[in-house]
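Encoded as structure tokens, the structure appears first; notes follow it.
Since the model is a prediction, treat every value here as computed from it, not as a measurement.
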Amino acid sequence: FTIGSKIDQDTLDELEEILLSSDMGFEVAESIKESVSKAYKNKEVENDTEIKLFIQDEIKSILKDGLENTGKPIQKINLNGPTIITIIGVNGSGKTTSIAKLTKSIVDGGHSVMLAAADTFRAAAVEQLTIWSERLGVEIVKPAKTGSDPASVVYDATELAIQKNVDFLIIDTAGRLHTQKDLMAQLHKMHNVIKKKIPEAPHETILILDGTTGQNAVVQGIEFGKVHDITGLIMTKLDGSAKGGVLIRMCKELQIPIRYIGMGEQIDDLETFSPEKFVDALFE
Amino acid sequence: DLTEKLTNVFDTVRSRGKLTEENIGQACDSVRKALIEADVNFTIVKDFISRVREQALGEQKVKKIKAGDYFIKIVSDELTSLLGEGNAEIPFVKDGPTIIMMCGLQGSGKTTTVGKLAYKLKNEGRKPLLVAADIQRPAAIEQLHVLGEQVGVPVFSKQNSTPPEICIEALAVAKSENADVIILDTAGRLHVDEELMNELHLINKKVKPHQTYLVVDAMIGQDAVNSAKEFNDRLELDGLILTKLDGDSRGGAAISIRHVTGKTIKFVGMGEKLDALESFYPDRLASRILG
Ligand SMILES: Nc1nc2c(ncn2[C@@H]2O[C@H](COP(=O)(O)OP(=O)(O)OP(=O)(O)O)[C@@H](O)[C@H]2O)c(=O)[nH]1
Ligand SMILES: Nc1nc2c(ncn2[C@@H]2O[C@H](COP(=O)(O)OP(=O)(O)OP(=O)(O)O)[C@@H](O)[C@H]2O)c(=O)[nH]1
Ligand SMILES: [Mg+2]
Ligand SMILES: [Mg+2]
């Protein structure tokens, strides 16, 4: 990364390191370096402080451009029944924990929540969500037994949520890799079951991404997006040292708004996404 | 695809199928891009590329093999050697149960891998005891009990006890169960969490596991070096396990964790079921990383 003799080469090397080590990916880093070179030639930036601010502004606008739901919290969409939210993503990304956190913030906001434990496969998955439902004091719909069809849990939960007129129904799904065709088909079927009951539902489909994930996050966004339109991302585990730079690609290439970030394992560790905070953290 | 790109770099009329400084430079740029997109740590990529460039420049006199094929061979050989040899052998001790401790970041696949390892060892005629040392994640203990039941091995868990206390008591339990392997399932933790890293260090000190394996998700990005280095510095790992390799992430993190710790990648997770634990083949992963 060299743009001219006025700018210290160490600074440029340091900036390249920040860009690449953040997980924003090769092409995004290259395009930022290009804009910086151009800006320098046009005298729009003249020293390293200005370059840093220039880069931060560039990233901020990518994160917000045309994405009016950036940082928008979950709100009632359905005025005649439950707002239904499906939570999807690969194994271990933080779905179940994020559901607990979302539920807390919704309940704190004065609305009612019902949970559906539609992970009928993994050991103790239902127990895990049940413990959270008890801590939160919300009703949970569980499968009849292990290995039963997740679509039937979704069906029962949707029925009950409508009947009881809860404000929100949040559906926990099993982790799955997008390379598993049968599991992606299963997810598709679950969404169709919901649609049959409420045509505009699910009103939100949130993809959960692990903050340590590299470039595969983009593939996850594409493939999970084929099952159902993704209305938002939650990136978890940003309380670690990972920067989550791949979010820049999620916005730029897939136009999926980032709604929240997970900052820990406790129920209050959920923050609505702030492009400003994110970009500051990139340079820490 | 990288092989095509590289073949095109060397097959132009100008280079006439020879290794020149110019086409080596172009080829190195393509490889650099491919490796970063594959999640290999960018500092490691830098050193790797300079070694490859040096080797390629030193071999300009090679006439027998086509230049492009020769360059590709340099790259994949270097990458394979960076990954190190796999070694699925577990060094069991003769005088008492062998203690294996699993550790790693949240959600990397530790508990599932404990189940898989127990399944493998039971099929090899051993008697593992599983230890539920994660007391903080909701239903973590239950999860291990379910897996133990599926495999058909005992699980030790205890209420109102700290993880170090549970692991110490497990040694006595292993005696009464006549177990010859003890596998400790620990809670996922951040390498930057002082308190939890101290807890792991304490378990290590009190229980002295014979084998400590870091369980890493194959889709992890640039941060892989940071967590792997910290766990290794605190615990002196004996091996690495790469999970979720049945996905399509390129797996470049394997290079990062191997390079920064110097430890062997012993197993790879290839699915959620108990039998989805395989030996590690560096040449297979090298070609996957190169894409
Ligand atoms: N540090 C940290 N840990 C988190 C965060 N979110 C989730 N976790 C932890 O990540 C691990 C996995 O979380 P789960 O909620 O079980 O993930 P999941 O996607 O439901 O997993 P599967 O259902 O098995 O696919 C747990 O140990 C959580 O406590 C976060 O924001 N920060
Ligand atoms: N596809 C696939 N999934 C896996 C593999 N290994 C683990 N998983 C899944 O990854 C998710 C997380 O696995 P766990 O064993 O709960 O992970 P953990 O490291 O114990 O999580 P914490 O205890 O919360 O830190 C589960 O859904 C597992 O079924 C693998 O090799 N392939
Ligand atoms: Mg879950
Ligand atoms: Mg676990």
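Looking at B:D246, the atoms closer than 4.5 Å to chain A (heavy atoms on both sides) sit in the backbone and in the side chain alike. Looking at B:I141, neither its backbone nor its side chain comes within 4.5 Å of chain A, counting heavy atoms on both sides. Contacts between A:E223 and chain B at a heavy-atom distance below 4.5 Å are absent for every atom of the residue. With a threshold of 4.5 angstrom between heavy atoms, A:E265 approaches chain B through side-chain atoms but not through N, CA, C or O. The part of A:V90 that comes within reach of chain B is its side chain, from C-beta onward, which places non-hydrogen atoms under 4.5 angstrom from that chain. Contacts of B:H191 with chain A are made by side-chain atoms alone, with heavy-atom separations under 4.5 Å and no backbone atom involved. Only the side chain of A:Q266 has a heavy atom closer than 4.5 Å to any heavy atom of chain B.
Residues B:L190 and A:D239 have side chains in contact (heavy-atom distance under 4.5 Å, counting atoms from C-beta outward). A heavy-atom distance below 4.5 Å is not found between the side chains of A:N216 and B:R250. No side-chain heavy atom of A:S22 sits less than 4.5 Å from a side-chain heavy atom of B:Q222. Contact check for B:R137 versus A:Q128: side-chain heavy atoms found under the 4.5 Å cut-off. Under the 4.5 Å side-chain criterion, counting only non-hydrogen atoms from C-beta, B:D248 is in contact with A:V219.
The backbone N or O of A:Q215 lies less than 3.5 Å from a partner atom in the side chain of B:D39, making a donor-acceptor pair.
For A:D23 against B:D223, the heavy-atom pair with the smallest separation is OD2-N, 4.4 Å. In plain terms, the two heavy atoms of A:A124 and B:A139 that are nearest each other are CB-O, 3.7 Å. Shown here for A:S241 and B:V192, the closest heavy-atom pair between the two residues is CB-CG1, 4.3 Å. For A:A123 against B:V146, the heavy-atom pair with the smallest separation is CB-CG1, 3.6 Å.
Interatomic distance, OG of B:S249 versus CD of A:Q220, reported as 8.5 Å (0.5 Å rounding). Atom NZ of B:K244 sits about 12.0 Å away from atom OG1 of A:T179, to the nearest 0.5 Å. Atom-to-atom distance recorded for B:E272:CD and A:L177:CG is 7.0 Å, nearest 0.5 angstrom.
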Would you check, one step at a time, whether the test side-chain contact (heavy atoms from CB on, under 4.5 Å) holds for B:M219 with A:D210?
-> CA-CA 9 Å; B:M219 60 186 99; A:D210 186 319; over 6 Å; no
Apply the test salt bridge (charged side-chain N to carboxylate O under 4.0 Å, His left out) to residues A:E27 and B:K33: give CA-CA distance (whole Å), side-chain angles for both, the deciding distance (0.1 Å), then the verdict.
-> CA-CA 8 Å; A:E27 304 218 342; B:K33 180 172 193 280; 2.9 Å; yes
Under the side-chain contact (heavy atoms from CB on, under 4.5 Å) rule, what do A:L20 and B:I36 come out as? Steps first, then yes or no, please.
-> CA-CA 8 Å; A:L20 284 178; B:I36 291 175; 4.0 Å; yes
Step by step, work out the side-chain contact (heavy atoms from CB on, under 4.5 Å) result for A:F26 and B:R32.
-> CA-CA 9 Å; A:F26 186 87; B:R32 177 169 182 265; 3.6 Å; yes
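When each of A:R135, A:R122, A:E30, A:K243 is checked for heavy-atom pairs under 4.5 Å with chain B, A:R122 comes out on top.
More than 12 heavy atoms of other shown residues, nucleotides or ligands fall within 6.0 angstrom of atom CD in B:Q136. Other residues, nucleotides and ligands contribute at most 12 non-hydrogen atoms within 6.0 Å of the NZ atom of A:K142.
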